[in-house]
Amino acid sequence: MAWADTLSRGSDSRTAVSAGPWRPGPEQLTGFFLVTCDDYDALVEAAGVLVNVHPVVEIRPVTEF
């Protein structure tokens, strides 16, 4: 599965989800969290907590070998 979604803090402090990675300039990795959820909605809810601290959070799939 090759997808990425971006969560960002909206003007009304609500979490906005948009398709695709966020990339207005050079990519910068400041850290990552590995989160396991049962479904996509649970993942968005878990990542929404991070948006309270970081203005933009990307969610991407991870393949286990």
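We're numbering straight along the sequence, starting at 1.
Within 6.0 Å of CG on Asp39 lie more than 12 heavy atoms contributed by other residues, nucleotides or ligands.
Residues Val49 and Tyr40 are members of separate hydrophobic clusters, defined by side-chain heavy-atom contacts under 4.5 angstrom among Ile, Leu, Val, Met, Phe, Trp and Tyr. Under a hydrophobic-cluster definition in which Ile, Leu, Val, Met, Phe, Trp and Tyr are linked whenever side-chain heavy atoms come within less than 4.5 Å, directly or via other members, Ile59 and Phe33 are assigned to the same cluster.
When all heavy atoms are compared, the tightest approach of Ala46 to Val35 is CB-CG1, 4.2 Å.
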